[in-house]
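Here is the structure we will look at.
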Amino acid sequence: AQKVTQAQTEISVVEKEDVTLDCVYETRDTTYYLFWYKQPPSGELVFLIRRNSFDEQNEISGRYSWNFQKSTSSFNFTITASQVVDSAVYFCALSDRQGGKLIFGQGTELSVKP
Amino acid sequence: NAGVTQTPKFRVLKTGQSMTLLCAQDMNHEYMYWYRQDPGMGLRLIHYSVGEGTTAKGEVPDGYNVSRLKKQNFLLGLESAAPSQTSVYFCAGRQAGGFYNEQFFGPGTRLTVL
């Protein structure tokens, strides 16, 4: 069965600290896609990044970076120099071949305090 | 473009009442999805559609029905609401093609069943 686990339920940091959100997944597929979404306090879901199973290159976008490691089935998300506006719930998700359904982790609520 | 919209934004029902949630999109999405979000459980798939006139069950389909008579609309129905259906409901859509395409989410509907 496919599964996504985000073991960190809540994380609290002070502004400018670096923070890493963990994501571990399970799948039997050899081709799969992983996603991160952000849900700010306003409630909408915002797509952040997609990564396919054949591309293990790390990705950096401004203060955000993602580390994909197939050997440990992990797709971790790091925010460098966090800001108050980063406060949100972050979801990691795995795309299912059947219909492209997303299997979500439980989410990690990040609180960045000034 | 409005993107993915949901109607209504909020609703309070009494146990046993029925209602329909409407999802509309103007992004030419072939695939559409209904998820529910509950605290500590991430988002779970209720039903989905891979094209006009098609529907399929997701992870938690009991108590819900769906219809996709037109490509741009995906309706979620509750025939006899129960308190366990109190949740935030999200509709999403994505383009046809591989399951690597990201899903675009609507703003959500907060439903309370008393």
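Just so you know, these numbers use all the heavy atoms, side chains as well, and skip hydrogens, waters and symmetry mates. In what follows, chains carry the letters A, B, and so on, assigned in the order in which the sequence lines appear, proteins first and then strands, with residues in each chain numbered from 1.
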Any side-chain donor-acceptor pair under 3.5 Å between [X] and [Y]?
| X | Y | result |
| --- | --- | --- |
| A/S87 | A/S111 | no |
| B/S87 | B/D38 | yes |
| A/T27 | A/Q2 | yes |

So for [X], is it side chain, backbone, both, or neither that comes closer than 4.5 Å to the heavy atoms of chain B?
| X | answer |
| --- | --- |
| A/E109 | neither |
| A/T31 | both |
| A/S95 | both |

### Query
Got a sec, which pairs hit disulfide (SG to SG under 2.5 Å) with one end in residues 17-114 of chain B, sequence neighbours left out?
B/C23-B/C91
### Summary
So disulfide (SG to SG under 2.5 Å) across residues 27-56 of chain B, not counting sequence neighbours, yields none
#### Entry: Greatest number of heavy atom pairs closer than 4.5 Å to chain A - which of B/M41, B/R110, B/R94, B/Q103
B/Q103
### Query
Which residues from residues 48-75 of chain B are near chain A, with near meaning under 4.5 Å between non-hydrogen atoms?
B/Y48, B/V50
### Message
Is B/L43 close to chain A through its backbone or its side chain, or both, or neither, when contacts mean heavy atoms under 4.5 Å?
### Response
both
### Message
Tell me which of these, A/L45, A/D96, A/V89, has more heavy-atom pairs under 4.5 Å with chain B than the rest.
### Response
A/L45
Ring centroid separation for [X] and [Y], is it under 6.0 angstrom?
| X | Y | answer |
| --- | --- | --- |
| B/F90 | B/Y33 | no |
| A/F91 | A/F35 | no |
| A/Y64 | A/F77 | yes |

### side-chain hydrogen bond (donor to acceptor under 3.5 Å, both in side chains): pairs with one or both residues in residues 45-61 of chain A, sequence neighbours excluded
A/R50-B/E102, A/R51-A/D55, A/R51-A/E59, A/N58-A/N67
